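These notes are about the structure you will find just below.
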Amino acid sequence: MRTGSEPSTARSPLRMRLWLSLWGTLWATLGLVAFVAVGRTGWAVACGVLLLIAVTDLCVVVRHLRQGPHYQPGRDVPPYEPDRRGRPGPGRTPDGR
């Protein structure tokens, strides 16, 4: 719900998530290769699962970045009235009109 108190300079954390996903993919790949080389199956499986999670997050982030910016209301759009949990707001009847 939009309250009207959002910062006017808010930025998406997608670029940061992109770099963190790349970093996690790199380290999980290196860990997987290293643990397979020394024969540590349990740790290799753990790194493989972590690699799968990092690659999935990377795909989601890239998809969101390619979608581009979404509509955000500007300063000329008034904030929504807060949810009063069934209680009528000022000038409203109990049925919501």
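Note that the structure is predicted; figures quoted are calculated from it, not measured. Throughout, numbering of the chain's residues begins at 1 and tracks the sequence.
A ring-centre distance under 6.0 Å is not found for W23 and W19.
When all heavy atoms of V61 and L14 are compared, the closest pair comes out as CG1-O, 3.4 Å. Residues L32 and G48 come closest through the heavy atom pair CD1-N, 4.0 Å.
Transitive grouping of hydrophobic side chains (ILVMFWY, heavy atoms separated by less than 4.5 Å) brings V36 and L51 into a common cluster. No path of Ile, Leu, Val, Met, Phe, Trp and Tyr side chains, each step under 4.5 Å between heavy atoms, connects V45 with V33, placing them in separate hydrophobic clusters.
Applying the side chain to side chain donor-acceptor pair (under 3.5 Å) test to pairs two or more places apart or on separate chains, none has a residue in residues 38-47.
Remark: R17 pairs with D57 by the side chain to side chain donor-acceptor pair (under 3.5 Å) rule, at least two apart or across chains.
To the nearest 0.5 angstrom, L20 atom CG is 11.0 Å from L58 atom CG.
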